[in-house]
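What follows is one structure encoded as structure tokens, with my remarks underneath.
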Amino acid sequence: MSSNDSTWKQRKRNDFGNAKAQCLGKRDKSFQGRIDARAVEVCGIINERDDMYTTSSCAGRCFLYRGVGIKATTDFSRFRISHELIKDPKRYFDLSTIEEDPTGGGDPVRTIGQYDYKVDINGTGEENDKEVAESNDSETEVIMDNTDASNSSSSNDSVVWLRYEPFILHVACRSLSVASLLMATARPAFKNVGLTAWKEGRYLVAIWGDEGLEMPLCTPIGMPLFPPNDDSVSKWLAQLCNERHERNWSKIQRFRQNLREMKPPTDDDPDEYQLSFADNPDDRTPVPRSFDVIGDIAYLHSIPEDADSRLIGESIMSKNKSIKVVVARRSNLEGTERAPGEEGLEIIAGADRSPLITTHTEYGIKCVIDLNHTFFSPRMGQERLRICQQVARGENVLVCFGGVGMEAFQIAGRTEASSVVYVELSHHAVDCAKRGHRMLERNKNVKCIGAAERLEIIQGDVLDVVPSMEQSFDRILAPRPKEGKLDSDLGTGDGGAQFLKVLLTRLKEAGECHWYDFVADWEYPACERTRTLIFSVCDELGLKMEVLHVARVGSVAMRQLRICLDFKVLRS
Ligand SMILES: C[S@@+](CC[C@H](N)C(=O)[O-])C[C@H]1O[C@@H](n2cnc3c(N)ncnc32)[C@H](O)[C@@H]1O
């Protein structure tokens with residue numbers, strides 16, 4: 001392969017990667033503001049791969065509606081959207097209470113656009129401003145799918161319809177062969193699979209279920225088509241929806257299994273310690289195949305002992321004009337802080353900066369990093385986006401082991417969470433987080449207003465701080481450190497069970513937890529050890545747990561992975 005060919009292929013890969021990051025980083029404009037819980041795993045498996053990304057998804061839902069039934073038209077009002085089984089048919093199908101009971105036992109109704117710059121929540125034609133957002137209460141205000149029922153002008157205004165929409169997924173693929181592979185993987189579960197759009201370097205695959213249902217429940221003058229007080233009718237209608245839910249979910253499960261067996265993702269963590277040589281054959285300066293770029297610092301995780309480190313550093317700087325310092329790690333990440341320590345980094349080229357502090361930008365959001373004393377990995381950027389995609393409107397989120405704060409900043413700046421609480425033990429990390437918090441306040445790139453106001457920074461030990469909190473959370477992030485007596489990977493601790501016990505007492509009913517753990521590559525994706533740990537802690541606390549997804553987040557050493565197990569907790 002000529003060097004021109006390889007440059008062209010690399011450029012195509014970068015274009016696709018940039019389009020993927022841009023797409024996954026967009027604010028979620030759906031009703032829930034998040035990926036449906038039952039689609040999380042399918043989307044997670046796809047988005048872990050370098051050659052695909054999901055552009056939209058719905059796990060399947062039923063709802064009642066009035067109007068033309070076409071989304072994105074003003075003449076369409078939806079009520080009682082339910083992604084789960086209908087448990088109280090009498091309440092759900094009582095058409096006389098549609099206005100005063102818009103959920104009818106379905107999904108909670110969310111306030112749309114409360115923290116969004118782009119949505120005109122007042123109908124004034126002006127974008128939101130801070131005062132508007134602050135005067136709105138996410139618990140009380142109800143905006144149905146961003147449409148106003150009173151604007152409806154159709155002659156069929158009063159007809160209430162019942163609709164079941166099955167699973168639907170759109171996936172962008174890097175090449176035609178990747179698209180074909182995905183379609184072949186989906187077909188055993190879903191018959192409706194096709195290529196809907198394509199251009200060089202981007203092929204859009206659509207996969208949709210066939211469990212549809214659409215029926216009127218009353219006449220144009222509002223007269224019910226079924227006896228309104230007949231329980232057997234509402235039970236029968238619920239059964240129609242629930243059967244579709246069950247069939248649809250089992251197809252998703254089958255698809256998920258097939259996806260797991262699809263060819264594994266290309267390793268995004270190449271062996272960066274192998275050195276290659278510069279493009280110019282006369283220039284024999286070795287340059288690492290990959291290194292991290294954190295702010296304006298190039299960070300080499302190690303360097304061969306016999307290599308000329310100054311030459312390597314200068315070579316990196318000569319090819320990357322934005323890099324001002326090159327550092328090489330000379331020690332392992334150790335201690336509670338998972339940082340190299342005062343002596344652990346050697347500056348091998350560039351300015352003799354001390355302290356080694358830099359500002360890093362990830363999808364427009366900034367954080368401050370003290371490289372000697374804090375843990376930060378730019379490779380976790382996509383994982384942070386993955387978490388943001390799961391945060392629904394109005395959630396209260398707890399970010400434990402917050403480090404320099406990037407997860408907390410991304411959630412506050414990119415989602416419509418009502419509150420984000422960050423907890424971190426190390427004062428070095430908290431100092432960085434406080435500086436990042438001030439930057440968030442001034443940052444014009446953040447997608448959602450009031451990001452800094454919705455974020456609270458707390459310094460302290462999770463084991464002390466969390467039990468003393470009165471608040472409960474819809475979502476808890478626990479990127480726990482891999483070190484010390486709490487870590488069973490060292491054969492001495494409890495794998496973080498103490499942390500988990502404390503955190504789960506603060507999780508609301510049906511709340512979700514993102515639990516980070518360390519596994520050998522052969523343990524993934526089953527991760528039985530991690531599941532057993534979570535299951536036993538839940539059992540001890542009298543909780544039921546449901547695994548939503550196991551994500552491979554990165555590698556910490558040869559054949560050792562960092563994973564995130566997303567699970568849901570049920571109290572009853
Ligand atoms: C692996 S780092 C993760 C940092 C950050 N979440 C990230 O991914 O960039 C773990 C962090 O947990 C903090 N930590 C360790 N033990 C803690 C505890 N008991 N309470 C609060 N924070 C703790 C460490 O200081 C460190 O910043």
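Both ligands and their constituent atoms are indexed starting at 1 by order of listing.
The distance from ligand 1 to the heavy atoms of Pro481 drops below 4.0 Å at these ligand atoms: 10 (C), 15 (C), 16 (N). Of all atoms in ligand 1, listed by their number and element, those nearer than 4.0 Å to a heavy atom of Ser426 are 25 (O). For ligand 1, the atoms closer than 4.0 angstrom to any heavy atom of Gly460 are 20 (N), 21 (C). Of all atoms in ligand 1, listed by their number and element, those nearer than 4.0 Å to a heavy atom of Pro479 are 3 (C), 6 (N), 10 (C).
With rounding to the nearest 0.5 angstrom, the CD1 atom of Ile476 is 10.0 Å from the NE2 atom of His514.
When the heavy-atom distances from atom 26 (C) of ligand 1 to Arg562, Arg338, Glu424, His427 are ranked, the shortest goes to Glu424. Of the candidates Phe401, Phe499, Phe376, Tyr516, the one placing a heavy atom closest to atom 23 (C) of ligand 1 is Phe401.
Distances shorter than 4.0 angstrom do not occur between any heavy atom of Ala339 and any atom of ligand 1.
Under a 3.5 Å cut-off, the side chain of Asp51 and the backbone N or O of Cys173 do not form any donor-acceptor pair.
Here the two rings, on Phe499 and Phe401, have centers that are under 6.0 Å apart. Here Tyr299 and His301 bring their ring centres to under 6.0 angstrom of each other.
Residue contacts with ligand 1: Asp461 is placed with a nitrogen or oxygen under 3.5 Å of a nitrogen or oxygen of the ligand (distance criterion only). In terms of N/O distances under 3.5 Å, ligand 1 is not approached by Val423.
What you find for Ile563 and Val553 is that their closest heavy atoms are C-CG2, 3.9 Å.
Within the 4.0 Å heavy-atom criterion, neither part of Met406 lies near ligand 1.
By the ring pair (Phe, Tyr, Trp, His ring centres under 6.0 Å) test, Tyr422 is found to be paired with no residue, residues two or more places apart in sequence or in another chain being considered. Applying the ring pair (Phe, Tyr, Trp, His ring centres under 6.0 Å) test to His428 and every residue at least two apart in sequence or in another chain returns His373.
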